[in-house]
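Please read the structure below before turning to the comments.
Naming: A, B, ... by sequence-line order, numbering from 1 per chain.
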There are 2 protein chains.
Amino acid sequence: MRRATIIDIALALGVTPSTVSRALAGNSRVSLTTRQKVLNKAAELGYQPNVVASSLRKGTSDTIGMLVPRINRNFFSHVISAVEEVLNPAGFNLLICQSHERLIKERQAIQVLLKNRVAGIIMSHSIETTDFEHIIQATRQRVPVVQFDRVNKLIPGPRIVNDNFTGAHLAVKHLIRNGYNRIAHLTGSMAVNVYQERLNGYKYAIDEAGLVFEPSMVIENAITRETGFEEALKLIAKNKVDAFFCAGDFSATGAIQAIQHSGLKVPTDIGVVGFANEPFAEIIAPKLSTVEQNAYDMGIRAAKSMIKVIADNNSGDGIEEIVPVRLLVRESSVK
Amino acid sequence: MRRATIIDIALALGVTPSTVSRALAGNSRVSLTTRQKVLNKAAELGYQPNVVASSLRKGTSDTIGMLVPRINRNFFSHVISAVEEVLNPAGFNLLICQSHERLIKERQAIQVLLKNRVAGIIMSHSIETTDFEHIIQATRQRVPVVQFDRVNKLIPGPRIVNDNFTGAHLAVKHLIRNGYNRIAHLTGSMAVNVYQERLNGYKYAIDEAGLVFEPSMVIENAITRETGFEEALKLIAKNKVDAFFCAGDFSATGAIQAIQHSGLKVPTDIGVVGFANEPFAEIIAPKLSTVEQNAYDMGIRAAKSMIKVIADNNSGDGIEEIVPVRLLVRESSVK
DNA sequence: TACAAAAATACAAACGTTTGCACAAAAAAC
DNA sequence: GTTTTTTGTGCAAACGTTTGTATTTTTGTA
């Protein structure tokens with residue numbers, strides 16, 4: 001059963017393909033009567049537009065490429081979901097790739113998206129990425145790039161970021177107000193804006209309270225539950241910390257386990273605040289105080305930004321949209 | 001900066017586009033020397049194949065459509081991730097849609113995928129879907145459909161399912177062995193194969209142990225944490241249950257909270273086993289015993305199955321692949 | 001009734017590939 | 001040295017749309 005084309009409709013109606021095309025597109029140059037005839041015949045033949053042909057002719061597609069480190073990470077899957085929710089009603093589809101946090105895979109993915117002539121790319125770069133040439137290349141081909149979460153200013157186009165600084169500031173201030181004053185910070189790689197900004201927020205809060213910033217209290221690359229557990233264990237042993245501000249909920253969970261493993265109590269002996277509000281944060285015991293990162297909001301904004309950039313033909317260069325965060329105070333940080 | 005095409009390469013080299021096309025495709029009909037020249041020139045011009053044009057000409061694309069109820073559900077995001085991991089190296093891309101558990105959106109999504117001339121569709125249908133005509137329509141157009149998790153036999157093509165029956169059987173048998181004998185079952189909609197099979201496994205285990213099956217102990221549409229909490233509360237109040245087998249970890253969490261809310265203890269007074277092994281299952285207190293549902297494995301199999309079906313030109317009709325499950329015994333079900 | 005303006009439709013080229021067939025040149029076979 | 005086979009290229013059409021321009025038809029006006 002060959003699929004019906006515009007030509008089949010044209011032939012059946014004794015008009016030309018161009019008229020059918022315009023009729024289907026709702027072009028005002030075709031009369032209402034023929035448009036109706038075309039629509040009827042299209043329905044009758046079960047016509048399904050061939051967007052591949054359409055894209056080729058128009059030189060652009062209705063597909064937006066999405067590139068994230070890992071599809072199955074809670075944060076990213078929520079962003080993707082939100083992006084889809086906005087883009088789909090707007091007539092766009094989502095072509096999704098993951099970099100697995102590898103630069104090589106990220107490069108390949110960009111090529112795949114460009115080969116597919118996507119109308120734009122929404123992305124968050126891998127943790128390995130320090131050279132952004134492959135991404136800039138896309139913008140040079142006039143394929144707009146909207147970055148979110150992990151972003152870099154070298155790449156033209158809008159950026160949607162969390163208010164990481166404020167989130168960290170709020171979290172640490174909250175710990176200090178609650179009587180903690182030897183606060184360690186478990187974080188990720190300083191090559192990523194996200195962790196840099198959280199560290200800055202941490203430092204600012206420490207300064208602001210008149211406490212002394214101790215570099216030995218900041219541990220980089222401790223972002224998983226396992227590394228969080230290990231590093232927290234060491235810090236407890238030698239640095240007499242009385243609180244942890246963790247740049248992620250996973251390391252925060254590790255820290256809690258390390259504290260309990262050391263025979264101490266959360267929050268009485270040591271307080272903990274995480275970052276991200278992962279779904280388990282309010283299920284674990286004690287319930288984890290954390291900075292809510294609104295993945296959904298971020299996805300909505302990224303998608304809307306993309307639609308705008310496409311509509312305005314590559315505007316929005318360098319605009320940075322900051323998504324507000326909230327500190328969720330639960331049990332792990334209040335004595 | 002216009003993008004280089006095959007014609008540009010041909011012109012620069014004084015050969016025809018057809019030769020360039022064949023050279024790039026590695027066709028043996030073109031000599032090694034010209035192929036090398038073509039490849040060099042392609043690199044020099046920064047040539048990126050236009051897969052849109054290629055797809056139009058070939059009549060099929062390298063894009064696989066993926067349709068799930070919700071991208072951001074842990075299970076689905078893991079399946080998607082695994083599918084991507086297999087499909088990408090095989091040269092396929094993923095076009096992703098979500099149905100939001102709505103039949104209307106599912107229908108639209110299928111149309112979108114067909115319009116995009118995807119080479120196949122990997123999907124799990126919405127909870128509302130009882131009429132499968134829109135999906136069968138795809139197969140009629142020779143677009144292969146591979147179903148996973150929530151599947152229906154009316155739809156031609158392979159199906160990848162969990163061993164829900166065995167999982168439920170193991171879980172309930174385990175509860176019985178551990179001294180529980182008034183076991184309630186919180187589950188989802190009976191319109192979905194997944195929950196039907198789990199109920200069957202539950203019944204079988206009850207029968208097998210010589211216990212009496214009580215319909216009042218089975219609560220449908222109690223699959224979220226909230227409904228799990230409410231229904232568990234009611235059952236505890238009037239049915240003197242001593243265990244819950246829940247068809248999902250969310251309702252299991254709700255049940256645990258209801259038990260604790262009623263002043264009882266897990267697992268001493270009431271045992272709980274969930275289903276899915278959500279990430280929080282081993283973080284909550286008490287750690288949740290659950291049936292591991294290997295989303296990753298399922299995704300790998302679905303993707304491989306799709307590749308095979310495409311390669312063999314729509315074979316594999318009606319083949320059902322059953323993914324083994326494991327019972328993870330933790331704290332919530334052992335007195 | 002004639003003529004201009006407006007509306008509706010037709011024509012044809014283009015988007016960038018792929019591929020069956022034709023053809024020439026080189027290599028192999030006789 | 002002729003014929004056959006092999007190897008390498010070229011030619012041209014096709015995939016299904018879209019769209020600028022040309023043409024026809026309709027409508028309005030004098």
Side-chain angles (χ1 to χ4, degrees), chain A residues 1-39 41-42 45-63 91 114-119 141-143, chain B residues 1-39 41-42 45-63 91 114-119 141-143:
Chain A
M1 188 173 82
R2 205 177 56 80
R3 288 194 252 221
T5 72
I6 266 187
I7 301 180
D8 297 325
I9 301 176
L11 251 41
L13 256 42
V15 297
T16 59
S18 50
T19 300
V20 175
S21 173
R22 285 193 253 256
L24 292 170
N27 188 311
S28 61
R29 271 168 62 186
V30 30
S31 73
L32 264 157
T33 49
T34 44
R35 181 185 315 179
Q36 204 42 253
K37 274 193 272 179
V38 166
L39 291 177
K41 187 54 86 178
L45 299 180
Y47 170 74
Q48 283 172 334
N50 186 333
V51 302
V52 175
S54 167
S55 294
L56 175 60
R57 174 58 232 245
K58 294 206 281 196
T60 179
S61 73
D62 291 336
T63 302
L114 293 178
K115 276 202 304 186
N116 277 276
R117 299 298 188 263
V118 294
Q141 299 186 11
R142 307 199 56 71
V143 175
Chain B
M1 187 174 81
R2 206 178 54 80
R3 287 195 253 223
T5 73
I6 266 186
I7 301 180
D8 297 324
I9 300 177
L11 251 39
L13 256 42
V15 297
T16 59
S18 47
T19 300
V20 175
S21 173
R22 284 191 258 255
L24 291 171
N27 188 312
S28 61
R29 273 169 62 189
V30 32
S31 74
L32 264 156
T33 49
T34 44
R35 181 186 316 177
Q36 204 42 253
K37 273 194 271 181
V38 166
L39 291 178
K41 188 55 85 177
L45 298 180
Y47 170 72
Q48 283 172 334
N50 185 333
V51 303
V52 175
S54 167
S55 294
L56 175 60
R57 173 57 231 245
K58 294 206 283 197
T60 179
S61 73
D62 291 335
T63 302
L114 292 178
K115 275 201 304 185
N116 276 275
R117 299 297 189 262
V118 293
Q141 299 186 10
R142 307 198 56 68
V143 175

Residue closer to the 5' end of DNA chain C, B:Leu56 versus A:Thr33 (nearest nucleotide): A:Thr33
Sugar-phosphate, base or nothing in reach of A:Ser55, heavy atoms under 4.0 Å: nothing
With sequence neighbours excluded, what pairs up with [X] under the side-chain contact (heavy atoms from CB on, under 4.5 Å) test?
X	value
B:Val15	B:Ala10, B:Leu13, B:Thr19, B:Val20
B:Ser21	B:Ile6
A:Leu45	A:Ala4, A:Asp8, A:Ile9, A:Lys41
B:Ser18	B:Thr16, B:Arg22

Nearest whole Å is fine: how far is [N] [atom2] from [X] [atom1]?
X	N	atom1	atom2	result
A:Leu32	C:dA7	CG	C1'	12 Å
A:Arg3	D:dT17	CZ	C1'	15 Å
B:Ile7	D:dA13	CD1	C1'	14 Å
B:Ile6	C:dC15	CD1	P	14 Å
A:Asp62	D:dT17	CG	P	14 Å
A:Arg35	C:dA7	CZ	P	14 Å
A:Asn116	C:dC15	CG	P	20 Å
B:Asn27	D:dT9	CG	C1'	11 Å

Annotated protein contacts, base or backbone, on nucleotides 19-24 of chain D with a non-hydrogen cut-off under 4.0 Å, one of B, S, - each: BBBB--
Phosphate OP1/OP2 of D:dG10: any B:Thr16 side-chain N/O under 4.0 Å: yes
Under 4.0 angstrom between A:Ser31 side-chain N/O and C:dT9 OP1 or OP2: yes
Gap between atom OG1 of B:Thr63 and atom CZ of B:Arg117 - 0.5 Å precision: 12.5 Å
CZ on B:Arg3 to CD on B:Gln48, rounded to 0.5 Å: 6.5 Å
Listed nucleotide nearest any side-chain atom of B:Val15, set C:dT9, C:dT17, D:dG10: D:dG10
Partner set under side-chain hydrogen bond (donor to acceptor under 3.5 Å, both in side chains) for A:Asn116, not counting sequence neighbours: B:Asn93
